Amino acid sequence: MSAIRKILIANRGEIAVRIIRACRDIGIKSVAVYTDCDTTSFHVRMADEAYHIGPCPSSQSYLVHDKIIDVAKRSGADAVHPGYGFLSENASFAKRCVDEGIIFIGPKSETVALLGDKLEARQMAMKAGLPVVPGAEIDMKSLSAAHEVADKIGFPILVKAAAGGGGKGMRVVRTPELFDESLRSAMNEARSAFGDERVYLERYLSRPRHIEIQILCDAHGNCIHLGERECSIQRRHQKVIEESPSPIMTPELREIMGKAAVELARACGYVGAGTVEFLVDEHRSFYFLEVNTRLQVEHPVTEIVTGLDLVKEQVAIAQGEPLKYQQDQIKWRGHAVECRIYAEDPDNGFLPSSGTLKSYVIPAGPGVRVDSGVVAGSDVPIYYDPMIAKLITWGKDRNEAITRMKRALEEYRVSGVETTIGFHRVIMENSKFLSGELSTHLLEEEYPDNVYRRLDADMREKAALAVALDKFIRERKITIADGDARRTSSRWVQVHRQDGLRKFGGSR
Amino acid sequence: MSAIRKILIANRGEIAVRIIRACRDIGIKSVAVYTDCDTTSFHVRMADEAYHIGPCPSSQSYLVHDKIIDVAKRSGADAVHPGYGFLSENASFAKRCVDEGIIFIGPKSETVALLGDKLEARQMAMKAGLPVVPGAEIDMKSLSAAHEVADKIGFPILVKAAAGGGGKGMRVVRTPELFDESLRSAMNEARSAFGDERVYLERYLSRPRHIEIQILCDAHGNCIHLGERECSIQRRHQKVIEESPSPIMTPELREIMGKAAVELARACGYVGAGTVEFLVDEHRSFYFLEVNTRLQVEHPVTEIVTGLDLVKEQVAIAQGEPLKYQQDQIKWRGHAVECRIYAEDPDNGFLPSSGTLKSYVIPAGPGVRVDSGVVAGSDVPIYYDPMIAKLITWGKDRNEAITRMKRALEEYRVSGVETTIGFHRVIMENSKFLSGELSTHLLEEEYPDNVYRRLDADMREKAALAVALDKFIRERKITIADGDARRTSSRWVQVHRQDGLRKFGGSR
Amino acid sequence: MPRYNVLVDGQEFDITLEYRWERYFVSVNGQEREIMRYPLGETRSLLLIDKHSLEVDVRPGAQNGERVAFMWGMEIPAEIEDFNLAKMRKAAGLAHGPAVEAILKAPMPGLVLDVRVKPGDKVSKGQPLVIIEAMKMENIIRARGEATVKVISTLPGSSVEKGDALLEFE
Amino acid sequence: MPRYNVLVDGQEFDITLEYRWERYFVSVNGQEREIMRYPLGETRSLLLIDKHSLEVDVRPGAQNGERVAFMWGMEIPAEIEDFNLAKMRKAAGLAHGPAVEAILKAPMPGLVLDVRVKPGDKVSKGQPLVIIEAMKMENIIRARGEATVKVISTLPGSSVEKGDALLEFE
């Protein structure tokens, strides 16, 4: 395969920016696509070239195969990187790219199709000898029988979309009475999100951890893993905080889980970067969950502890290079934590908060990485995923990574749009989180009413003072402007100038 | 010694921000001081508390011992961190702190005094068995004899201030005729900068590298080194680009130089973080230059490759803790490069460029650290050092660190003030720099007229287009505003809304 | 001397302000504070409250008398009114701020998927009322307390903007 | 159709612009370019020049007819004038932009340490004229070409602002 010279990024937001950065680092040209809502978005400003592909809704822009292929051809891009979400796990788009002579940066379309079907992936994993969560399929033609299947598995039970991902089309059912409504609702959501209403059932583990293994496989049969990420901190089945290594990981368990992930990948003929997700119970037994055939949102924590750039590796694999590392060359250093920053209002059920970022200053300094999809002045449109940035910190150990995360969260300056920064500050003080006793149910157990009290008495008083001062000044504008500190400042400057002159004159 | 609970930072700009970040990471309160020019500066915004200490000139504010001590007492700070510059190597201030019962975060005042005098430091190094650059002192009472001394050492020769640092009071003299004027000028500058006109002479090496060793010594007799930094890229004796490791370093040479640095530190009874500077010639012979008894500007490159936080280590040492690491626990990973970003105009002899940062977006993403002293909207006052930020990149190897640096420099968005970002972009393409053939004379040899052509034909055309477009729009404001892209955007949105509604209605 | 009554996150503050010597002398619930204020452009400012540094952006809120303070990466709503007016209001037995909402407004823009109640229904706290789809996620708008539904103002399939009325209570 | 003559870093550009269909059709030295422009607030904008993304902030320069474009972290000065005026000017044998400066201005604020010339001195390129101290560094202002000093406008020990006259040539 020949070297890639120009990549079209079929995505927006932070992941588009992330991929553009990797393109720059490799020396490859980047092509962005944008909609009417994204004309001045950060990914457009960062890319080498940018093409307009239509109105705001992704169904009429970022998801339209023809439009993406058309821009790839017009711009002369020889590869498409789909990022995550949108077309990243769309097998027919992957196939279309290949048919059009464009490299799809991701696994082969057959692999995407196979593993994208959660039911088939589950069977594949069982065949490869991986343990799976006890569960069962549902005959979609006789839903009435589903109840019996559910009873056999036992409640609480999990309804999952076969085509699912990101918690969409997923429902936890705690009691038999709620089963029918949940099943219907999950199927509705699955149909709306994926155009595929098939669902299946799994036992709902009591306090599982979500631990996933990052894999890299080249086209020459080499396949390695880069260790794990723990993503147990989830809200509504959406990961919100991830870390690497997992607080419960041992070198032995990492080797076993890593090997299992690599074996499954080999069994599928996997080529590219991918993630094998597991649930791990209190006895450190692990169960296969699913395979994500794309770059994960949380990939930076792996990058930071291993020192690798996963997007660079994806590109190298896509252009046919063999892996540059053998398994025993992968070393892990320290600990990385990631907080996903969403434009959502934690005081209002985490509903999306759209608007303009009036000010936006990202944290920086030692041990801090920010992958942001916005800058000061950016609009946060309602049409897309409300995640505006990922804040990642590194430390020698978990404690240092977390204290740096607290500092970085404090440093963030955002106004105009509500974010989940305050929510993350609450979690960073949670004693279970701090002690590493994680489970995917941690948030719902610790915050059952979905309320995260982010203000203490001192903060409330300061907010009250700020608002009172603001009203006072607006109502008495003229009097005060005259005596503002700036005037003092310039008066001082003048005094100094004279002083300086005098002093200087004297010393010569 | 008891634990430090509150630190006064007797500095401003990026280093004050850097120290405040470390305070947050440790859980120590930070106190900033500020002048009339710094009322809204980033360090004031970042600190827990802030005290006004007078007019803009540092001679009436940041350098006034009484004012700093007064704020330390009023704020209840139990320690003072001086940063670099200002009071950081002022022995009498260090002593004053101790006398007042305040911890000075730095070596003992006697050590500061001893090593601050470059002549005494040189003698100390000779006593400890370190090789020094051939040179000689000058009897300040009979300057006429100095010429003879210079002739003995041989031209070109270097005149250096005994109290010097940062290139101040330093002159290269290439021919005997220029010696007298250079000597006088160096003495003038030294007197103005340090209040001490003593100078001495050193042979000017033909192509030396500047390589320095970072040391850490606790109050219990433990002393280790953290490897080297190469700081050969200098302009007017000012470091502008630093990296770690040095491209010519071998584990053996690192061990020898590291041991030499540690031995000198032990001989001085050194306690704290410090830097032993060396010149290294083409045969990898090294010569002692001086010891900096403070945190260096370029400390982040060491932090990134070792994984340590030097400010945290300084604080731990200052409160009497033993070092947490033994020499063999220090491991280096990958390569880090730092570019100092100055508000200076490379097209105008690097004269300081003051003003307001109309826009300021820092680079981010994988492998990028920015230690910035400003944010969007900040003023860059004329009174202080014009360095506004340090951009540091990490890579698996030197090549990856440099390609990431190129990308990060491209990403920087600054308007309102001219900076050295373009200058750094030129250096990042220089073949000698890229090949690692560094010397402290690289810049003057490669760019003898001090001109760094930063624009190529494509950039010139784009600048011309931008300016023409701007004039066109300002002169025809009304006609265009009406047909602006924003209107298109909202029209599209409406169309979509109807579409979406229709589609949705149909599918239910 | 101006005196305000401020409500933040359920806590009430009685605040008196005075401007002298280029700083603000403030009393908050009887506690004296000295504030320096430096503008940062637009509605942003840097406050030094008894020397403690704080960056804040105060902007108008959704309701009259409501302001939002953006600080520490958060949006903090506050209700502010003149202290004497608040005193009169309290004497009259009225609640601080607007009365309990009789109209349920869309908290976000999106598509209405379903309306789970009809006029005359008595609803209890937590009961699902309306389901709005945004970003392909179903968001369930639940009742915040007991009430009786009076009018339904939207239909499944409707596209709503933030703040649009969804239904009205009695 | 407006036509401009733009000088950037010694290179001249002949630029014609037209606005149609919500984009700019531009000819630069005979080469056709299509530009989309999206405002980013104040004087900043995002340009897509033949789809190539570029963020720029164009601001007034020190001289009349001079603009500075901030792009790629750099401040790039440009001189712009109407094409026909430039043609007339050239026909008259005049140089582009302001005539060679007769007044040496302080390139930065600081304290004048020394003036090394006196009225009547003939100076050659690179010769030190004035020494200004800023940030404790001596900055030597040198002659940019051959000239004869006419008037000295400053004194050692004076505090100068950027742009203040230091001396005048004949």
Side-chain angles (χ1 to χ4, degrees), chain A residues 17-18 21-22 24-27 35-37 39 45-46 54-57 59-60 192 300 303-304 307-309 311 331 333-334 359 361-362 364-372 375-376 394-396 400 403-404 406-407 410-411 413 485-486 488-493 495-496 499-500 503 507, chain B residues 17-18 21-22 24-27 35-37 39 45-46 54-57 59-60 192 300 303-304 307-309 311 331 333-334 359 361-362 364-372 375-376 394-396 400 403-404 406-407 410-411 413 485-486 488-493 495-496 499-500 503 507:
Chain A
V17 173
R18 166 70 190 89
R21 283 179 169 137
R24 285 262 156 80
D25 287 344
I26 307 170
T35 65
D36 292 332
C37 287
T39 52
R45 293 155 75 164
M46 290 282 287
C56 303
S59 58
Q60 295 168 59
S192 154
E303 293 186 323
I304 292 177
L308 267 68
D309 181 320
V311 181
K331 306 281 178 211
R333 182 187 215 177
S359 59
V361 179
I362 59 173
V368 174
R369 167 172 164 185
V370 186
D371 277 22
S372 187
V375 286
W394 178 88
K396 287 184 297 294
E400 187 171 59
T403 54
R404 282 179 169 166
K406 287 185 199 175
R407 182 249 300 172
E410 265 186 73
E411 257 185 49
R413 302 283 187 264
R486 287 196 181 274
T488 337
S489 163
S490 48
R491 197 202 305 148
W492 271 115
V493 173
V495 170
H496 149 64
D499 274 9
K503 195 196 81 186
S507 77
Chain B
V17 173
R18 167 69 190 90
R21 283 178 170 139
R24 286 261 156 80
D25 287 345
I26 307 170
T35 65
D36 291 333
C37 287
T39 53
R45 293 154 75 164
M46 288 282 286
C56 303
S59 58
Q60 295 167 59
S192 153
E303 293 187 323
I304 292 177
L308 267 67
D309 181 319
V311 181
K331 307 280 177 211
R333 183 188 214 177
S359 59
V361 178
I362 59 174
V368 174
R369 167 172 165 185
V370 186
D371 277 22
S372 187
V375 286
W394 178 88
K396 286 184 297 296
E400 187 172 59
T403 53
R404 282 179 168 167
K406 288 185 199 174
R407 181 250 299 171
E410 265 186 74
E411 257 185 48
R413 302 284 188 264
R486 288 198 181 271
T488 337
S489 164
S490 49
R491 197 203 304 149
W492 272 115
V493 174
V495 170
H496 149 65
D499 275 8
K503 195 196 80 188
S507 76

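Every chain is numbered from 1, with letters handed out A, B, ... down the list of sequences. Since we're looking at a predicted model, the values are computed, not measured.
The contact between B/V368 and chain A is made entirely by backbone atoms, counting heavy-atom distances below 4.5 Å. For A/D25, the parts lying near chain B are the backbone and the side chain together; criterion is any non-hydrogen pair under 4.5 Å. Heavy-atom distances place the backbone of B/I304, and not its side chain, under 4.5 Å from chain A. In this structure, the portions of A/R333 lying under 4.5 Å from any heavy atom of chain B include both its backbone and its side chain.
Taking chain A as the reference chain and counting heavy-atom pairs below 4.5 Å, the highest number among B/G365, B/G367, B/G334 is found for B/G365. Counting heavy-atom pairs closer than 4.5 Å to chain A, the top-ranked of the candidates B/A22, B/G395, B/P366, B/G307 is B/P366. Of all the listed residues (A/R369, A/M46, A/E303), the one sharing the greatest number of non-hydrogen pairs under 4.5 Å with chain B is A/R369. Interface check for chain A: of the options B/E410, B/K406, B/K331, the most heavy-atom pairs under 4.5 Å are formed by B/E410.
Proximity of a side-chain donor or acceptor of A/R21 to a complementary backbone N or O of B/R404 within less than 3.5 Å is not detected.
Using a cutoff of 4.0 Å between basic side-chain nitrogens and carboxylate oxygens, A/R24 and B/E411 are not scored as salt-bridged.
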